[in-house]
Amino acid sequence: MPQATTKHPSSLMVIAAFATVYIVWGSTYFFIQEALHGFPPQLLGILRFSIAGLLLMTWCVIKGEKIFVKKDMLNAAVVGLILLFVGNGIVIWVEQTIPSAMAAIMVSSAPLWFVLLDKQKWSVNFKSKRTITGLVLGFVGVVLLFSEPLKHAFSAIGGTSEIVGLLLLTIGVIAWSGGSLYSKHHPPTKLSGTVNTAWQMLFAGLAFIPGTLVRGELNTVNWSSISFGSWFAVAYLVLMGSIVAYSAYVWLLQVRPATQVSTYAYVNPIVAVLLGVVFANEKINATQITGLAVILGSVLL
């Protein structure tokens, strides 16, 4: 992936980056769930981001790139902590108590938060009827897509843990949106985009360590009984979810409008549903098909 300073990227690279974020992150719903069958959430965060960060950093060292620039490292730490540790970490955590359909709905509100938090673009975004209409329609489409499981999700929510989970998930989505915008407006000055991404992951991986120790997760893991499926899921999340897709996402934030990049939150559920239809023989009804069409229309807007 080119450095974040690229001003006029080729259309092919932009399309490839969007396709990567759309498809790969859509598939991570399944792989996160599979990984959690063998690993507790905080430990999963450590493994995913630390390994991905180390692999990326090792590649940068081999290429002879500059690694240590204090200002850029501080900005990378802020992005890694807000975006990956808080934003992504909360999503993993609350799925222990919140139905996945409800989590999908909450995460899909990210594009709305992008518009609200991106103060520098208020004059542009709030004057664009296409942007606002597209964002609202996208959220409506996701609700239609998950209409059936959403009914069950509402009936399942009511206890203290579920309510706290919803509040935490709201914070997580805001943190993800805010961290993404901070990354866009504070690009690295002397480090390459790859080194910057590696630092973000390494700082996030370190941030998961205290939680793992406090919860005693290492004592609860039976390493010999972890299935191949869980190990494969971790490998997929490291290589595809973090190194490939996250690198593409960070790069896109530098070369495309944030509201456009945020459409991944609408497309990912489509990919997740289609994968379920193809590989898990899940059924899709007319309401869901309508939701798919509405989402695609919103992204085009």
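One is the number of the first residue; the rest follow in order along the sequence. Atoms considered below: every heavy atom in the structure, side chains included; atoms not considered: hydrogens, waters and symmetry mates. Since the structure is predicted, the reported quantities are computational estimates derived from the model, not experimental observations.
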Would you say the side chain of [Y] lies within less than 4.5 Å of the side chain of [X], judging by non-hydrogen atoms?
| X | Y | value |
| --- | --- | --- |
| Trp199 | Ile67 | yes |
| Gln200 | Leu83 | no |
| Val195 | Lys66 | no |
| Tyr246 | Met201 | yes |
| Val221 | Leu43 | yes |
| Asp118 | His185 | yes |
| Val234 | Val238 | yes |
| Pro188 | Asn75 | no |

Which heavy atom in [X] sits nearest to a heavy atom in [Y], and how many Å separate them?
| X | Y | answer |
| --- | --- | --- |
| Phe208 | Gly89 | CZ-CA, 3.9 Å |
| Thr20 | Ala245 | CG2-CA, 3.9 Å |
| Ser27 | Tyr236 | OG-OH, 2.5 Å |
| Val94 | Leu168 | CG1-CB, 4.0 Å |
| Leu84 | Phe49 | CD2-CE2, 3.8 Å |
| Arg215 | Gln42 | CD-CG, 4.2 Å |

Please output the side-chain donor-acceptor pairs of residues 50-58 that fall under 3.5 Å, not counting sequence neighbours, one pair per line with the distance.
from  : atom 1 : to    : atom 2 : distance (Å)
Ser50 : OG     : Ile46 : O      : 2.9
Thr58 : OG1    : Leu54 : O      : 2.7

Residues, nucleotides or ligands: over 12 heavy atoms within 6.0 Å of Trp25 CH2
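Buried by this count: over 12 neighbours within 6.0 Å.
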Between Phe39 and Trp231, does the ring pair (Phe, Tyr, Trp, His ring centres under 6.0 Å) criterion hold? Intermediate values first, please.
CA-CA 9 Å; Phe39 300 92; Trp231 281 113; 5.0 Å; yes
I'd like a table of donor-acceptor pairs (distance under 3.5 Å, sequence neighbours excluded) in which one partner is a side-chain atom from residues 262-274, with atom names and distances.
from   : atom 1 : to     : atom 2 : distance (Å)
Ser262 : OG     : Thr259 : O      : 2.7
Thr263 : OG1    : Tyr22  : OH     : 2.6
Thr263 : OG1    : Gln260 : O      : 2.6
Tyr264 : OH     : Trp176 : NE1    : 2.6
Tyr266 : OH     : Leu135 : O      : 2.6
Asn268 : ND2    : Val21  : O      : 3.3
Asn268 : ND2    : Tyr22  : O      : 2.8
Asn268 : ND2    : Tyr264 : O      : 3.3

Donor-acceptor side-chain pairing of Ser180 and Tyr249 below 3.5 angstrom
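Tyr249 and Ser180 do have a side-chain donor-acceptor pair below 3.5 Å.
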Test item: side-chain donor near acceptor, Ser224 and Asn222, under 3.5 Å
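The answer is yes; a qualifying pair exists.
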Salt bridge (charged side-chain N to carboxylate O under 4.0 Å, His left out) contacts touching residues 33-53 (sequence neighbours left out)
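Output for this query is empty, none listed.
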Residue pairs passing the salt bridge (charged side-chain N to carboxylate O under 4.0 Å, His left out) test where at least one lies in residues 238-255, sequence neighbours excluded:
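Those involving residues 238-255 do not exist here.
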With rounding to the nearest 0.5 angstrom, report the CE to CZ distance, Met240 to Phe31.
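One finds 9.5 Å between CE of Met240 and CZ of Phe31.
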Nearest 0.5 angstrom please: Ser183 OG to Asn196 CG, how far?
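The OG atom of Ser183 sits 6.5 Å away from the CG atom of Asn196.
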Under the salt bridge (charged side-chain N to carboxylate O under 4.0 Å, His left out) test, residues paired with Lys63 that sit two or more places apart:
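Scan of Lys63 (salt bridge (charged side-chain N to carboxylate O under 4.0 Å, His left out), adjacent residues dropped) gives Glu65.
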According to side chain to side chain donor-acceptor pair (under 3.5 Å), who are the partners of Lys127, at least two apart in sequence or on a separate chain?
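For Lys127 there are no side chain to side chain donor-acceptor pair (under 3.5 Å) partners, ignoring immediate neighbours.
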